Amino acid sequence: MNLEELEKLYNEQAYTVAIIQLEAYLEEHPAEAAAWHLMGLCKLEIAKAEDERDEMIAEYHTAYEAFSKALEYNPQHIQARVHRAYMGANVMGDKTAETLSDCQIIMDSGDEELITRALLYRFQIWILENETDKALEDIHRSLEIYHSLYQDDLPQLNVAKFQCYTRIGDVYYHNDNKPVALDYYRQAFQCTVYNNRTLSTLHFALEMADYDFAADMLHIMSTAGEHPEDDMLKILQKVKALLDQGVRHSALAREYCWGTIDFWNQFYGDDDAEGTLEQISTGKRFIALYPEESYFYHFTGTALFNIGSFSEALPYYEKAIAIRPYPSSIIRWYYAYYKTQGKLPEGWPDTDYSIAYDWYSAGVVCSELIQQEQNADARKALTQLKKFLYQKAFSLYYPYWYENTGSSYAGHPHHFAMCCNNYGITLFELGSYEEAIHIHSVGYNMSPFWEQLESRADAFHQLGKYAEAVADRQLILSNFISTLPLVYYVSIHERVIEDLTTLERFDEALALYSKILAEYEEWIAVDMEELEKEEKDIIIYNIDRIKTGRAFIKTNSQDDLSERIQALEKHLEEKPDDSDAYFNLMYLYFDNAQYEHCIGAVNNRISIGGIQRLPLVSQMKIYYFRGKAALKLERYAAAIQDMLQTLEIMANGDESDNSPNNRCGVYAYLAEAYLGLHDHDNSLMYCNQCTEIYKSMNWGWDAESSVFHFTMALAQEGKGDLSACKKTIDRILENDPGFQPALSKKAALKNNGGLFSFLRKKKD
């Protein structure tokens with residue numbers, strides 16, 4: 001194997017195999033520094049994963065020796081020196097001189113990023129050697145370099161500063177200079193509020209009676225939800241003990257109340273009624289102590305809000321908002337006002353509240369209220385408020401990550417990504433699909449998870465960007481199988497097949513169709529038995545949708561249309577009440593000129609019911625296709641009835657449903673049906689409506705124009721207006737010289753002298 005292949009094994013984490021191959025490689029190339037460096041890396045990873053201490057130490061020693069060999073053959077191999085310095089500072093206790101030498105050589109390289117690593121390793125050596133001043137000097141020098149190195153990357157700079165300030169604080173703490181240590185911990189926290197030192201630092205801040213700092217940290221711990229429950233309970237109980245002992249501090253009391261919401265039973269009891277009274281009592285007690293702190297009014301009102309006592313909750317929220325609107329106060333005030341007054345507020349308050357996560361959390365509360373609200377107008381208004389809340393969060397997150405401004409309170413990448421997903425979904429609900437795609441893209445780039453791709457695919461699909469929707473969902477199926485719930489695994493296949501079919505990528509659609517149905521028989525049907533009934537029903541629904549979607553997956557088979565019909569007819573043997581199957585067969589039967597079957601499929605679909613719950617466009621198609629089939633069978637009265645029903649449904653739709661194009665198509669068929677009944681006046685009326693639409697829309701002549709103008713010519717002929725008929729025929733041929741029905745009619749008119757010429761001949 002060559003070195004590139006060996007590096008590939010390392011990158012694939014096949015460390016043991018790589019070591020075996022490297023040993024063989026080094027027998028032939030004993031002076032290859034790069035190979036020794038790679039051997040050191042593999043040994044280092046093996047050591048980190050080793051459970052037995054003796055084995056671990058042995059592996060660390062061989063790793064160190066491998067890096068040393070690399071430097072023996074190439075002293076300029078900077079990465080080998082960096083790794084050896086790392087081991088000397090963190091693992092090997094007897095390599096002080098070598099490590100200090102390595103660090104100096106690295107610093108002499110001039111690479112700022114490597115210099116900061118060398119300074120860190122040397123810092124650790126100085127600490128072990130009790131050289132405190134030298135250790136602090138190195139960390140302060142690192143801070144200077146970080147400011148230069150990451151001047152255009154605020155999140156990265158803040159992480160680096162957090163690490164430096166924390167290490168400086170640790171030095172002062174262990175030297176028993178606790179006030180200075182606390183000051184550096186405070187600076188570290190402001191740089192990166194979401195960190196792994198918050199709990200220990202919070203205990204230290206309480207010990208030092210720095211309650212402002214403690215309150216800031218407790219808020220982050222309460223809202224981030226990333227600390228073990230036991231740790232959260234202990235710290236909240238410690239704060240409660242301080243407050244009960246007479247500590248007066250409004251921010252600490254506020255964060256105590258905020259934190260207890262997630263541990264309601266532990267602090268307010270298991271009985272809901274008694275617990276609500278206890279929460280109200282706690283809130284009122286703190287209102288009396290701190291009447292100018294908004295949150296205690298919110299806290300008290302929320303106890304009443306949660307039991308549905310909106311009229312009692314509303315005054316507390318009004319007071320909270322008058323003092324200082326918290327994001328979660330805004331949504332609950334808005335909803336309590338609506339429930340109490342019976343009407344929606346004209347607007348909602350804004351505030352410069354600066355914690356992004358709390359805006360995001362308020363948006364989640366709004367989503368939950370929308371789900372339980374039945375009134376359509378209220379849901380619509382709440383969706384606008386939800387957009388406002390998520391947009392406020394986004395406006396704090398985005399500048400921190402993309403514009404180099406803001407505070408580290410916006411510094412949690414996964415929170416930002418979750419906000420983007422919810423914000424994007426809200427924009428989708430409001431029809432802002434392009435903006436939703438942008439927001440989902442920002443979120444996915446920040447913290448990739450499959451829900452972002454699924455939501456973005458929905459927006460792409462809605463815009464008709466089916467290829468992009470397919471690409472997103474295929475990425476989910478490629479990269480996120482281990483975390484993808486089974487119900488989504490099936491539904492995503494259904495959506496991909498649908499879009500591939502729309503794109504006429506039929507081979508791919510058929511392959512995926514066959515794959516998922518085979519998997520359903522092999523393992524999905526078994527695995528889904530462990531799911532809740534609702535999820536099982538969704539999977540079955542999507543499998544049925546996949547089966548009925550076979551209607552539109554075309555193949556190169558000579559009997560393609562018949563094969564698709566047979567697939568759906570076979571499915572109906574198993575699921576005789578599958579409304580989608582009848583709906584899709586409606587199309588296929590019509591295309592296959594099986595017009596009686598088409599009408600039968602529509603009638604079966606109607607008999608199943610639920611037509612009014614369908615999208616308007618689907619309701620239109622049901623009557624439209626039955627009308628077209630009746631027209632083909634010369635059942636003109638039935639065709640007219642269905643086409644008029646189609647127009648009535650269209651009139652209740654939006655612009656896309658009731659578009660000029662849709663109306664014109666129905667008018668043309670009505671004109672043809674009335675002609676079949678020899679009702680020439682109505683036939684001409686609908687023909688003229690078609691021509692008026694073409695004029696008003698400034699459309700050019702097309703194939704449809706030729707058809708309805710020919711119907712017009714026949715209606716004119718039927719009324720005996722041969723002059724108008726001939727003019728219409730001439731107009732058709734002027735615009736569409738190859739239109740055969742008009743050519744034939746022109747020849748007939750020329751040869752026979754008109755419709756009634758045979759009567760004249762008979763009289764002669």
Side-chain angles (χ1 to χ4, degrees), residues 7 10 33-34 36-38 40-41 43-45 48 60 63-172 174-175 181 184-185 187-188 190-192 195-197 404 408 411:
E7 287 176 352
Y10 170 77
W36 282 111
H37 173 245
L38 190 57
L41 292 176
K43 289 286 188 178
L44 187 58
E45 294 300 329
K48 290 177 181 177
Y60 274 131
Y64 191 90
E65 289 168 5
F67 293 133
S68 298
K69 278 285 190 183
L71 292 171
E72 177 185 334
Y73 294 115
N74 180 10
Q76 305 305 315
H77 199 300
I78 195 68
Q79 287 301 322
R81 197 169 296 280
V82 168
H83 284 104
R84 193 171 77 162
Y86 160 78
M87 294 192 68
N90 294 281
V91 179
M92 316 296 288
D94 58 346
K95 303 294 183 182
T96 300
E98 293 92 331
T99 304
L100 290 174
S101 174
D102 284 340
C103 289
Q104 189 59 55
I105 292 171
I106 295 167
M107 288 188 284
D108 291 341
S109 71
D111 185 315
E112 286 190 327
E113 187 169 351
L114 292 180
I115 290 171
T116 60
R117 292 171 69 178
L119 286 168
L120 172 60
Y121 303 152
R122 195 166 70 176
F123 166 85
Q124 290 162 203
I125 294 293
W126 294 143
I127 292 297
L128 293 172
E129 296 291 313
N130 291 318
E131 296 280 2
T132 301
D133 291 341
K134 290 181 179 179
L136 291 174
E137 182 182 344
D138 277 353
I139 285 298
H140 281 289
R141 184 179 170 193
S142 289
L143 271 172
E144 293 175 4
I145 296 173
Y146 284 134
H147 276 283
S148 169
L149 190 60
Y150 301 129
Q151 60 181 322
D152 296 322
D153 189 346
L154 182 59
Q156 186 64 49
L157 174 60
N158 274 341
V159 169
K161 288 167 64 179
F162 166 80
Q163 293 169 344
C164 289
Y165 288 138
T166 298
R167 291 188 176 101
I168 295 170
D170 288 345
V171 170
Y172 283 107
H174 291 295
N175 284 341
Y184 276 104
Y185 290 149
Q187 292 182 68
Q190 291 304 322
C191 290
T192 305
N195 63 74
N196 60 356
R197 292 285 296 267
N404 226 36
S408 72

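The structure displayed is predicted, hence computed values, not measured ones.
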With side-chain contact (heavy atoms from CB on, under 4.5 Å) as the criterion, how do His147 and Lys161 come out once you've worked through the C-alpha distance, each side chain's angles and the decisive distance to 0.1 Å? CA-CA 9 Å; His147 276 283; Lys161 288 167 64 179; 4.0 Å; yes

Nearest non-hydrogen partners of Tyr73 and Ala33, listed with the distance: CB-CB, 4.3 Å

CD (Glu137) and CZ (Phe123) are apart, to the nearest 0.5 Å, by 12.5 Å

Take Arg84 and Ser68 through the side chain to side chain donor-acceptor pair (under 3.5 Å) test and state the conclusion after the steps. CA-CA 7 Å; Arg84 193 171 77 162; Ser68 298; 3.1 Å; yes

Closest approach of Gln79 to Leu114 (non-hydrogen atoms, all atoms of both residues): NE2-CD2, 4.3 Å

When every non-hydrogen atom of Gly88 is compared with those of Thr99, the smallest separation belongs to CA-OG1, 3.1 Å

Within this structure, what is the CG-CG distance for the pair Asn130 and Asn175, rounded to the nearest 0.5 Å? 8.5 Å

Between the main-chain N or O of Ile106 and the side-chain N or O of Ser109, is there a donor-acceptor pair closer than 3.5 Å? yes

Leu143/His140 under side-chain contact (heavy atoms from CB on, under 4.5 Å): CA gap, chis, key distance, verdict: CA-CA 5 Å; Leu143 271 172; His140 281 289; 4.2 Å; yes

Look only at the side chain of Ser408 and the backbone of Gln190, and say whether a donor-acceptor pair between them is shorter than 3.5 Å. yes

Distance col, row Ile145:CD1 vs Met107:CE, nearest 0.5 angstrom, shows 9.0 Å

Rounded to the nearest 0.5 Å, what's the gap from OG1 on Thr166 to CG on Asn196? Could you check? 8.0 Å

Please report the interatomic distance CD(Glu144) to CG(Leu119), rounded to the nearest 0.5 Å. 10.0 Å

For residues Leu41 and Tyr10, determine if any side-chain heavy atom of one lies less than 4.5 Å from a side-chain heavy atom of the other. yes

Checking side-chain contact (heavy atoms from CB on, under 4.5 Å) for the pair Tyr64/Lys43: CA distance, chi angles, key distance, verdict? CA-CA 9 Å; Tyr64 191 90; Lys43 289 286 188 178; over 6 Å; no

Kindly assign one of parallel, tilted or perpendicular to the pair Tyr165 and Tyr184, based on the angle between their ring planes and the thresholds 30° and 60°. tilted

Thr116 side chain to Ser142 backbone, donor-acceptor under 3.5 Å: no

The criterion is ring pair (Phe, Tyr, Trp, His ring centres under 6.0 Å); which residues satisfy it with Phe67, sequence neighbours excluded? His37, His83

Any side-chain to backbone donor/acceptor pair from Asn90 onto Tyr86? Under 3.5 Å, distance only. yes

Decide yes or no for Pro75 and Arg81: does some side-chain heavy atom of the first lie under 4.5 Å from some side-chain heavy atom of the second? yes

Can you check side chain to side chain donor-acceptor pair (under 3.5 Å) on Gln104 and Arg122, steps first, answer last? CA-CA 9 Å; Gln104 189 59 55; Arg122 195 166 70 176; 3.3 Å; yes

How many angstroms lie between atom CG of Leu157 and atom CG of Asp152, to the nearest 0.5 angstrom? 10.0 Å

Looking at Ile125 and Ala89, what are the two nearest heavy atoms and their distance? CD1-CA, 4.0 Å

As a quick check of understanding, evaluate side-chain contact (heavy atoms from CB on, under 4.5 Å) for Arg197 and Asp170, giving each step before the final call. CA-CA 11 Å; Arg197 292 285 296 267; Asp170 288 345; 2.7 Å; yes

Considering all heavy atoms of both residues, which atom of Leu149 and which atom of Glu113 are nearest to each other, and what is their separation? CD2-CA, 3.9 Å

Which of these passes side-chain contact (heavy atoms from CB on, under 4.5 Å) with Trp36: Glu65, Glu72, Lys69? Lys69

Mark yes or no for whether Asp102, through its side chain, and Ala80, through its backbone, hold a donor-acceptor pair below 3.5 Å. no

Short side-chain to backbone donor-acceptor contact, Asn158 and Thr192, under 3.5 Å: no

Heavy atoms only: give me the nearest Gln151-Asn404 pair and the separation to one decimal. O-ND2, 3.0 Å

